A.B. asks: 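Would you mind keeping the following structure in view while I ask a few things?
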Amino acid sequence: MVDLRRDELERRSRHDPAAVESQLFERWEAAGLFRADPHSGRPSYVIALPPPNVTGELHMGHALNGSIQDSLIRLARMRGRETLWICGTDHASIAVHAVIEKQLRAEGTTRFEVGRDAFIERVWEWRSETGARIIQQFKRLGCALDYEHERFTMDEGYVQAVLEMFVRLYDKQLIYRDNRIVNWCPGCGSTVSDLEVRYEHAADALFEVRYPIKGSDEHITVATVRPETILADTAVAVHPDDDRYRHLVGGIAIVPIVNREVPIIADEYVKMDFGTGALKITPGHDPNDFEIGRRHGLSELSVIGFDGRMNDQAGEFAGMAAGEARQKVVDRLFADGLLRGEQPYEHEVGHCDRSGDRIEPLISLQWFMQMDELAAAANAEVRSGRVRFIPTSQENTYFHWMDNIRSWCVSRQLWWGHQIPVWYCQDGHSTAATSAPAACGQCGSTELERDPDVLDTWFSSALWPFATLGWPEQTDRLEAFYPGNALVTARDIINLWVARMLMMGIEFMGEIPFTDVYITSIIQAADGRRMSKSLGTGINPLDLIERYGADATRYGLLKMSSTQDVRFAEGMIDEGAKLANKLWNASRFVLLQADASVEPAAVAVRGEDRWILSRLEGTGAEVLRLIDAYDFAGAVKLLYALIWNDFCDWYVEAAKSRLYGDDDQARRDVTATLLWVLERILALAHPLLPFVTEEIWSFMPGRSGLLMASAMPEWQAGMCDPALEHAAQNDMDVVSAARRIANEGQAPSVIVTPDTLFRMLLPKTANVSLDVHAPSASAAAAAPDPELIRGELADATAELERARAKLANEGFIARAPAVLVEAERDKVRRFEALVADLTRRLEQR
RNA sequence: GGGCGAUUAGCUCAGCGGGAGAGCGCCCGCUUCACACGCGGGAGGUCGCUGGUUCGAUCCCAGCAUCGCCCACCA
C-alpha cells in the first residue's frame with residue numbers, strides 16, 4: 001500500500017489540477033466540512049455570500065469574492081471556529097425580468113400576451129438552470145459554502161420573510177404610498193431606484209424660450225433642454241435676489257403654445273448665473289421642479305405617458321414620441337416667434353442601468369420607504385467603529401449616500417419578484433398582510449385585489465444575513481449564526497446592498513449583521529476597460545480553472561486584489577499554477593526522501609536549519625496577520641517567497657548535502673526538519689491554495705484525515721533567530737543586535753533579517769563558498785574501477801569549477817542568505833577533499 | 001460638480017523616508033538524480049510633471065497633467 005503511493009509520487013512529476021481537484025472537493029463534501037453545527041458551542045465565524053444573480057454565468061468578480069471569502073472561511077475553520085458560509089442566489093427581479101422579456105421578444109411575443117402566470121413559470125425554469133450552474137462554479141473554485149442550506153431570495157421561507165418585513169415597516173408607517181416623481185424606465189415599463197440610474201453624456205441643445213407676461217409687453221426668457229415639457233409647465237421661477245426679475249415675481253406668465261397662465265415665483269433653487277436666470281417649472285417631468293412645485297403648491301401636470309409618448313394632455317402633439325414632439329414644439333415656438341436662441345449643450349442624462357433607455361421622470365403612485373431614521377441608526381454604528389470598512393476610505397462612499405438619503409421607491413411594475421403584500425378594496429383602502437386577508441382592514445369589504453407590483457430586488461437582498469437563517473422564525477441557526485463577521489463585496493453595491501443590510505439588520509434583529517466590510521478590487525479587462533459580457537471583455541473564470549487549476553486561479557485573483565481597480569493579468573494566474581507545481585514537486589522530493597520511521601520534527605542542528613525554521617515561523621505569523629488585515633495580495637506574495645525562495649531554492653538545496661551524505665543521523669535529522677517545515681507550509685497555504693495542499697497532505701506519512709479539518713499551527717515569529725534572541729536579552733533593536741553578533745566574529749546566522757541587514761553583513765561573509773551538489777563520497781571511494789573513478793573525478797572537477805565561478809560572482813553571493821553561505825563552508829571543503837582523494841586513488845591504480 | 005484610486009523595467013504589479021524590486025517577456029548557458037510550469041547567469045527604470053518639507057524623497061505635503069471607477073436634481 002505504502003509502496004503504491006511511493007510509485008504514484010514518483011510517477012507524478014507534474015501537478016495536474018484537473019486530475020485531482022474534483023475528487024478532493026468530494027472528500028471535503030463527504031466529510032461534512034461545509035456544514036456548521038449551531039450546537040457546537042464554539043465561537044462562530046460567519047460570512048454570507050453575496051448571492052449572485054441568476055442571470056447567467058459566474059464572472060470574475062464572483063471568482064474574486066469567492067477566493068477571498070473561502071480563504072477567510074478555511075482559515076477560521078482551521079482556527080477552531082464554528083464556521084458558516086451562507087450560500088445562495090438572488091432572484092434579481094428586474095435583471096432576470098429583462099432577460100426573459102428579451103427571449104419573448106425574440107419569439108415574437110410579449111409578457112402581456114403570455115400572461116403573468118406563464119411568465120413566472122418560465123422564469124422559474126430559467127432560474128433552476130442558471131442557479132444550479134452558478135453553484136456548480138463555486139464548487140469548482142473550491143468554495144467551502146454551506147451547500148446543504150442553499151437559499152434563494154424567492155424560496156418559500158424567504159418570501160415569508162420579505163412579506164413580514166414589508167408589513168412590519170408598513171405598520172410602523174415607514175413604508176407608505178404616495179404620488180411622487182419617480183425614475184420611470186419606458187423600456188422596462190417600470191420605476192427604477194435612484195441607484196439604478198446611470199448618467200451618460202448627451203449632446204443636446206439648450207433652447208431659450210420667451211414667455212409673454214400677462215398684462216405687459218414684456219417677456220421672460222427661460223432656458224430648457226426639454227421644450228416638449230413646456231406643455232406641462234405650471235410656473236416660472238427666478239431667484240429671489242435677482243434684480244432683473246424682481247418686479248415680475250407674483251405676476252403671471254403665459255406658457256407658449258398652450259397659453260396657460262402660470263405664476264412667476266421666487267425660489268432659491270434657481271441659479272442666477274445659469275441660462276437666463278429664469279427657470280420653467282414642470283413638476284410632472286423633472287425631479288427638481290417637482291420639489292419646487294410641492295414647496296409652492298403648484299399643480300402637477302403630465303404630458304408624457306408611461307410609454308414614453310406624449311399623452312392626451314399634449315393636444316396636437318399627443319401620440320408622438322417625446323423626442324419627436326421636442327422638434328415639433330421647437331418648430332412651433334419658432335413659428336410663433338418665441339424661440340429666442342438655441343445653443344449646443346452637453347450634459348449628463350439619466351439612463352436605465354438595465355435597459356439603457358433614457359429615464360423619464362414621471363409622477364406616479366408608488367410605494368416608498370422612509371429611510372432617514374433607519375439610516376441614522378446605521379450611520380451611528382459606522383461612525384462609532386463597530387462596523388468598519390476596509391479600506392477605510394470606502395466609508396466616504398457610504399456616508400455620502402447615507403447622509404443625503406432620500407425615500408426609496410420600492411415598487412416595480414414587474415411580475416418577477418416579491419409581490420407587494422397589500423390588498424385594496426373597492427373604496428381604495430389598503431390592507432397589508434403576510435397572507436391574503438379575508439376582509440378590508442378598514443371597511444370590512446371582502447372584494448379585495450392585491451397590488452400587482454413587485455418589490456425592488458434590493459428590498460429582499462437587505463434581509464439576506466438573517467432571512468437565510470430562518471428569520472422571522474427563531475431558529476437555532478439564527479440564534480447561533482447571527483450576527484456574522486465579515487462581508488466581502490465590491491464598492492458598486494455599498495449603497496445598494498451593504499447600507500441596506502446594515503439598516504435592516506439593526507431594525508429587525510437589533511444588531512448589526514457584520515462588523516467588517518471588505519471592499520474588493522474591481523477587475524478590469526486587460527485593456528483597462530470594464531469587464532463585461534456586453535463589451536465582450538469578460539473572461540469566464542471557469543476557463544481559467546480548466547486551464548490553470550482552481551488554486552492557480554485563486555492565487556492569481558488574490559494577487560491582483562491590491563488596489564481598487566486592477567487590470568486582469570493572466571500572468572498572475574500562471575504564476576499560481578507554477579507555484580502549485582513547485583510546491584508539489586518539492587513535496588514529492590521531500591516525501592520520497594523520507595524514511596517511514598522519521599517523524600516530522602524541528603531539528604535545528606545547523607545554521608540553515610535554524611534559518612529555515614525562523615523564516616517559516618516569521619512568515620507564517622506574517623501571512624496570517626496579512627489575511628486578518630484583508631491584505632490577500634500581500635499574503636500570497638509572502639507565501640510565494642517562503643515556498644519558492646526560502647524553502648525550495650535554499651533549504652531543500654542545502655539539505656541535499658546531508659541527504660546524499662554519509663552521516664545517517666544527519667540524514668534523519670534533516671529529513672525530519674524537511675517534513676516539519678513542509679507540513680507547516682501546507683497548513684499555512686491551505687486557506688489560499690486548498691487543493692494542492694490537501695493533495696500533498698494525503699501523502700504525508702502518519703497523517704490521516706483532511707488538512708482542511710486540521711488545526712492551524714501557532715506561529716512563533718522570532719524562533720531560532722539569534723539576532724532577535726540577542727536583542728531581547730540585551731534590550732536592543734534587532735539591527736543593532738545583528739551588527740554586534742557580526743562584529744564579534746560569530747557566524748551571522750541572522751534569520752528574520754531584512755535584506756538591508758544581509759547587505760550590511762556581506763563584507764564578513766563574502767569570501768566563503770556556496771553549496772554545490774557533491775557526489776556521494778562513499779560511493780565514489782568504494783568504486784573499484786579506475787574508469788568509474790575517472791568519471792567521478794571529471795564530474796567532481798567540473799562541479800568544483802562551477803562552484804568557484806559562482807564564488808567569483810558577487811551578485812550571486814549577495815543574493816544568498818548569509819547564514820547559508822557561512823554554513824556551507826565546510827561542505828565545499830569536503831568537496832575539495834573528495835577531488836583530492838579521487839585523484840590520489842586514480843594515481844594509485 | 002463631489003469622492004476614491006492609479007501613474008515605478010517591454011507587460012501586469014509590489015515597495016512607500018536612506019540599497020529601485022517581483023512575476024512574465026527578452027538575451028546567454030544548462031536533458032545537474034523534486035520540478036524545463038525547471039536551474040544558473042544577464043540586459044533593461046532620470047519611480048508622470050513642477051514646487052515644498054527633510055541631512056536625505058519613488059516614498060511625506062501642495063499644485064498640475066493623464067487615465068479609471070463611484071456618487072451627483074444647475075434648467
Side-chain angles (χ1 to χ4, degrees), chain A residues 9-10 12-15 181 194-195 197 199 206-207 222-226 229 237 269-282 286-292 345 347-348 350 361 391 393-401 404 406 490-495 519 521-522 524 526 528-530 548 552 556 559-560 562-572 574-593 633-634 637 640-641 644-645 648-649 652-653 656 660 754-756 758-760 772-773 775 795 798-799 802 805-806 809 811-812 814:
Chain A
L9 268 182
E10 281 179 19
R12 288 167 53 184
S13 63
R14 190 165 175 167
H15 174 55
I181 197 151
D194 292 342
L195 289 170
V197 177
Y199 287 86
L206 187 63
F207 299 94
V222 304
T224 180
V225 289
R226 301 203 62 190
T229 63
Y269 169 79
V270 182
K271 306 280 181 294
M272 286 190 279
D273 56 359
F274 186 89
T276 62
L279 177 63
K280 72 185 207 61
I281 301 298
T282 320
D286 184 284
N288 305 314
D289 294 4
F290 178 82
E291 295 299 330
I292 294 170
Y345 184 63
H347 62 151
E348 303 293 311
S393 60
Q394 294 301 332
E395 288 178 3
N396 288 327
T397 308
Y398 169 86
F399 283 128
H400 185 252
W401 168 255
N404 299 292
R406 295 183 292 167
R491 66 182 179 286
D492 52 355
I493 53 175
I494 287 175
N495 299 322
I519 302 300
S521 309
I522 289 179
Q524 300 171 333
R529 288 187 295 169
R530 204 181 159 72
Y548 295 98
K559 182 137 190 219
M560 277 178 248
S562 47
T563 49
Q564 69 176 22
D565 301 303
V566 66
R567 292 186 178 201
F568 180 75
E570 193 160 323
M572 291 191 182
D574 190 43
E575 191 179 313
K578 287 178 173 171
L579 179 63
N581 183 59
K582 188 74 174 176
L583 181 59
W584 167 254
N585 272 299
S587 306
R588 203 164 66 96
F589 174 74
V590 170
L591 292 166
L592 285 170
Q593 296 302 323
K637 190 177 158 71
Y640 182 97
W644 202 299
N645 304 125
C648 295
D649 286 353
V652 171
E653 291 305 323
K656 282 176 181 173
Y660 297 147
D755 289 348
T756 47
F758 282 134
R759 273 202 311 284
M760 189 180 74
V772 289
H773 300 177
D795 288 350
E799 288 290 330
R802 274 159 65 165
K806 279 185 190 173
N809 185 318
F812 184 80

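On a predicted model such as this, the values are computed, not experimentally measured, just so you know. The analysis underlying the following values was restricted to heavy atoms, covering all of them including side chains, and did not include hydrogens, waters or symmetry mates. Order of the sequence lines sets the chain letters (A, B, ...), proteins ahead of strands, with each chain counted from 1.
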A.B. asks: CG of A:Asn396 versus C1' of B:rG2: gap in Å, rounded?
C.D. replies: 11 Å
A.B. asks: Run the salt bridge (charged side-chain N to carboxylate O under 4.0 Å, His left out) test against A:Arg406 and tell me which residues pass, sequence neighbours left out.
C.D. replies: A:Asp194
A.B. asks: Taking only the P atom of each, what is the distance from B:rG68 to B:rA75 in whole angstrom?
C.D. replies: 23 Å
A.B. asks: Taking only the P atom of each, what is the distance from B:rC74 to B:rC13 in whole angstrom?
C.D. replies: 33 Å
A.B. asks: Looking at the side chain of A:Asn581, which of B:rC35, B:rC13, B:rC4 is the nearest nucleotide?
C.D. replies: B:rC35
A.B. asks: Hey, does the side chain of A:Thr224 reach the backbone of A:Phe207 with a donor-acceptor pair shorter than 3.5 angstrom?
C.D. replies: no
A.B. asks: Does B:rC73 pair with anything, Watson-Crick or G-U wobble, both distances under 3.5 Å, and if so, with which nucleotide?
C.D. replies: none
A.B. asks: Using the P atom in both, what is the distance from B:rC27 to B:rG44, to the nearest Å?
C.D. replies: 15 Å
A.B. asks: Suppose you measure atom C1' in B:rA36 against the same atom in B:rU31; what distance do you get, rounded to whole Å?
C.D. replies: 9 Å
A.B. asks: Taking any strand in view, what nucleotide pairs with B:rC13 in a Watson-Crick or G-U wobble way, both distances under 3.5 Å?
C.D. replies: B:rG21
A.B. asks: Between A:Ala586 and A:Trp644, which is nearer to the 5' end of RNA chain B once each is assigned its nearest nucleotide?
C.D. replies: A:Ala586
A.B. asks: For a quick check, with a 4.0 angstrom heavy-atom cut-off, what is the B/S/- contact string for nucleotides 67-75 of chain B, read 5' to 3'?
C.D. replies: -BSSSBBBB
A.B. asks: Any side-chain N or O of A:Ser562 below 4.0 angstrom from OP1/OP2 of B:rA14?
C.D. replies: yes
A.B. asks: With heavy-atom distances below 4.5 Å as the criterion, would you say the side chains of A:Glu395 and A:Ile519 are in contact?
C.D. replies: no
A.B. asks: Reckon A:Lys656 has a side-chain N or O less than 4.0 Å from the OP1 or OP2 of B:rU32?
C.D. replies: no
A.B. asks: Nearest 0.5 Å, please: how far is CG in A:Leu195 from CG in A:Asn495?
C.D. replies: 6.0 Å
A.B. asks: Separation of A:Lys578 atom NZ from B:rA22 atom P, in whole Å?
C.D. replies: 15 Å
A.B. asks: Let me know the distance between CD1 of A:Ile494 and C1' of B:rG5, rounded to the nearest Å.
C.D. replies: 13 Å
A.B. asks: Who passes ring-ring contact (aromatic ring centres under 6.0 Å, His included) against A:His347, sequence neighbours left out?
C.D. replies: A:Tyr345
A.B. asks: Would you measure the distance from the P atom in B:rU53 across to the matching atom in B:rU58 and give it in whole Å?
C.D. replies: 16 Å
A.B. asks: Between A:Glu395 (CD) and B:rC4 (C1'), how many Å, whole number?
C.D. replies: 13 Å
A.B. asks: Could you check how far OH of A:Tyr640 sits from P of B:rG21, rounded to whole Å?
C.D. replies: 18 Å
A.B. asks: Please tell me which of the listed nucleotides, B:rU12, B:rA34, B:rG5, lies nearest to the side chain of A:Ala569?
C.D. replies: B:rU12
A.B. asks: With side chains defined as the heavy atoms from C-beta onward, is the minimum distance between A:Tyr269 and A:Leu279 less than 4.5 Å?
C.D. replies: yes
A.B. asks: Whether A:Lys559 contacts B:rC24 is assessed here as follows: a side-chain N or O lying under 4.0 Å from the phosphate OP1 or OP2. Is that the case?
C.D. replies: no
A.B. asks: Who does B:rA62 pair with, Watson-Crick or G-U, both distances under 3.5 Å?
C.D. replies: B:rU50
A.B. asks: Rounded to the Å, how far apart are A:Leu579 CG and B:rA34 C1'?
C.D. replies: 15 Å
A.B. asks: Provide, to the nearest angstrom, the distance between the CZ atom belonging to A:Phe568 and the C1' atom belonging to B:rC24.
C.D. replies: 13 Å
A.B. asks: Under a 3.5 Å cut-off for both contacts, is B:rC30 paired Watson-Crick or G-U wobble with anything, and if yes, with which nucleotide?
C.D. replies: B:rG38
A.B. asks: Considering only the P atoms, how many Å lie between B:rG17 and B:rC67, rounded to the nearest integer?
C.D. replies: 30 Å
A.B. asks: Relative to each other, are the rings of A:Trp584 and A:His15 parallel, tilted or perpendicular (30° and 60° limits)?
C.D. replies: tilted
A.B. asks: Going by purine N1 to pyrimidine N3 plus the second Watson-Crick contact, or the G-U wobble pair, all under 3.5 Å, which nucleotide sits opposite B:rC67?
C.D. replies: B:rG5
A.B. asks: Any Lys/Arg nitrogen of A:Lys656 or A:Glu653 sitting under 4.0 Å from an Asp/Glu carboxylate oxygen of the other?
C.D. replies: yes
A.B. asks: Pick the closest RNA chain B nucleotide for A:Ser587 and for A:Asp649 by heavy atoms, then say which residue is nearer the 5' end.
C.D. replies: A:Ser587
A.B. asks: Give the nucleotide from the list B:rU12, B:rG3, B:rA34 with an atom nearest to the side chain of A:Met572.
C.D. replies: B:rU12
A.B. asks: Determine the Euclidean distance between corresponding P atoms of B:rG3 and B:rA62; express it in Å to zero decimal places.
C.D. replies: 13 Å
A.B. asks: Check the distance between B:rG5's C1' and A:Ile519's CD1 and give it to me in whole angstrom.
C.D. replies: 14 Å
A.B. asks: Determine whether a donor-acceptor pair (N or O, by modelled atom type, separation under 3.5 Å) exists between the side chain of A:Asn585 and the backbone of A:Ser13.
C.D. replies: yes
A.B. asks: When rounded to the nearest Å, what value does the distance between C1' atoms of B:rA9 and B:rG42 take?
C.D. replies: 14 Å
